[in-house]
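Quick note: residue numbers are just sequence positions, from 1. Both counts, for ligands and for their atoms, begin at 1 and track the order of listing. Everything quoted here is computed from the prediction, not taken from an experiment.
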Amino acid sequence: MTKIEKIVLSYSGGLDTSIILKWLQETYGCEVVTFTADLGQGEELEPARAKAEMSGVKDIRIVDLREEFVSDFVFPMLRANALYEGHYLLGSSIARPLIAKRLVDIAREVGADAIAHGATGKGNDQIRFELAVNALDPSIKVIAPWRQWNIRSRMQLLEYAEKHHIPVPSDKRGEAPFSIDANLLHTSTEGKILENPAEVAPDHVYQRTVDPVDAPDTPEIITIGFERGDPVSVNGKAMTPAALLTELNGLGGRHGVGRLDLVENRFIGMKSRGIYETPGGTILLSAHRGIESITLDRVAAHLKDEIMPRYAELIYNGFWFAPEREMLQALIDHSQAFVSGEVTLRLYKGSASVISRASPFSLYSADLVTFEESTIAFDHHDAEGFIRLNGLRLRSWAARNGR
Ligand code: ARG
């Protein structure tokens with residue numbers, strides 16, 4: 001085994017990373033620095049400090065990354081209307097590059113030669129962390145205990161915890177918890193009964209949204225302001241990116257917006273089933289499409305939609321810090337120069353529907369489109385010629401086919 005001098009561990013204070021901390025200290029016999037990111041997961045972070053202290057960690061880093069997460073990762077991604085496989089808003093995928101970036105920063109600062117993470121060997125997250133480290137500082141080694149130790153299951157993990165007197169958390173019902181990943185954009189839940197896609201997800205899986213059936217009978221009308229493609233206000237009140245997303249999560253959650261039960265294709269090869277709750281993100285996707293609908297040129301908008309699946313897939317696959325992501329981002333960002341204005345939506349029993357939109361840069365012309373008399377010169381004979389020429393090849397084709 002290679003000799004390691006110092007390790008920075010991505011540490012949540014939860015069961016897995018508590019065990020990993022112990023295992024790293026025992027296996028490498030070197031100093032471990034812990035890094036805990038506040039990404040708005042809605043969990044107290046002080047217990048993580050206490051636990052790290054108890055395990056003898058001298059250098060404990062707890063950093064509030066909420067604003068950076070939303071402004072530099074979530075919002076740029078939303079400018080693209082990114083959805084993986086048509087549905088997934090990429091809530092876990094987009095958090096990994098930021099965590100990796102901070103791990104690398106801290107490793108350089110404290111002179112560590114390795115970073116460690118608690119992602120398992122079957123998931124996407126290990127790929128995302130490690131591709132990011134490759135792109136940011138190839139000299140830093142990566143330790144992935146889940147691929148190295150001989151713990152092979154959650155059962156064995158619990159045994160190891162017991163042997164080392166590491167407290168095992170249980171959910172509200174006293175059962176082993178699901179595998180949960182939460183941040184300001186979403187909560188993702190996987191494992192246990194959800195591993196059978198034929199089984200309906202039980203209601204207690206959901207953490208931050210009510211069942212649309214139980215949502216208020218009265219709809220709620222909200223207005224979101226956009227500037228150059230990014231949301232900047234809710235109901236006329238300017239907000240920082242993290243505050244805005246937090247506000248929309250509250251509103252969406254109350255109306256049951258943003259639930260998703262999905263079977264997706266992991267980059268590593270298998271299919272997996274997960275439950276996602278993305279209340280604020282779901283509202284923002286509708287709203288952003290709403291403001292784009294009046295401010296983007298048709299061909300520009302369609303080009304954006306063509307590259308979107310590609311852009312979403314490369315974020316899903318862990319290539320945030322890659323030249324192709326930066327190239328596509330430049331294109332997307334360029335398209336947003338006039339994507340400013342206001343969108344009004346109605347939140348009602350699980351839906352977030354755009355009901356009006358307005359922009360000082362609108363390309364929409366009522367005078368041009370009107371069914372009534374119009375002042376703009378639009379020669380109806382042009383439409384006739386337009387159809388005749390577009391139909392030319394279809395007429396040849398039909399004649400050849402003998403129709
Ligand atoms: N399948 C999702 C993704 O790859 C979420 C992964 C993390 N979620 C979890 N519950 N462990 O982006």
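- Nearest to atom 10 (N) of ligand 1 among the protein's heavy atoms is S179 O, 2.8 Å.
- The side chain of D125, and not its backbone, has at least one atom closer than 4.0 Å to an atom of ligand 1 (non-hydrogen atoms only; side chain from C-beta on).
- For ligand 1, the atoms sitting less than 4.0 Å from at least one non-hydrogen atom of D181 are 7 (C), 8 (N), 9 (C), 10 (N), numbered in the order shown with element in parentheses.
- By the 3.5 Å distance cut-off applied to N or O atoms, S188 is counted among the residues near ligand 1.
- Taking 4.0 Å as the cut-off between side-chain N and carboxylate O, E130 and K141 do not count as a salt-bridged pair.
- Within the 4.0 Å heavy-atom criterion, neither part of Y84 lies near ligand 1.
- Relative to the six-membered ring of Y316, R128 meets both conditions, a distance below 6.0 Å and an angle of at most 45° to the axis.
- By the criterion of a heavy-atom distance under 4.0 Å, the side chain of Y88, and not its backbone, is placed next to ligand 1.
- Using a 4.5 Å heavy-atom threshold, the side chains of R298 and L363 count as separate.
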With a cut-off of 3.5 Å and sequence neighbours excluded, list every side-chain donor-acceptor pair involving residues 50-58.
residue, atom, partner, partner atom, Å
K51, NZ, G13, O, 2.7
S55, OG, K51, O, 3.2

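- Proximity to E264 (heavy-atom distance under 4.0 Å) selects the following atoms of ligand 1: 1 (N), 2 (C), 3 (C), 4 (O).
- With a 4.0 Å heavy-atom cut-off, ligand 1 is reached by no atom of R266.
- Defined by atom type and a distance below 3.5 Å, a donor-acceptor pair is present between the side-chain atoms of R325 and Q329.
- Judged by the shortest distance from any of its heavy atoms, S93 lies inside the 4.0 Å radius around the atoms of ligand 1.
- Residue R128 touches ligand 1 through its side chain alone, judged by heavy-atom distances below 4.0 Å.
- Interface of N124 with ligand 1, defined as ligand atoms under 4.0 Å from a residue heavy atom, comprises 3 (C), 4 (O).
- Taking a 4.0 Å cut-off on heavy atoms, S272 fails to register as neighbouring ligand 1.
- H87 meets the ring pair (Phe, Tyr, Trp, His ring centres under 6.0 Å) test with no other residue; sequence neighbours excluded.
- In this structure, W149 and W146 have perpendicular ring planes: the angle between them is above 60°, well past the 30° mark.
- At least one heavy atom of Y276 sits closer than 4.0 Å to an atom of ligand 1.
- Look at K6 and E31 and you find a salt bridge, because one of the NZ, NE, NH1 or NH2 atoms lies within 4.0 Å of a carboxylate O, short of that distance.
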Would you check, one step at a time, whether the test ring pair (Phe, Tyr, Trp, His ring centres under 6.0 Å) holds for F73 with W320?
CA-CA 9 Å; F73 292 81; W320 179 264; 5.4 Å; yes
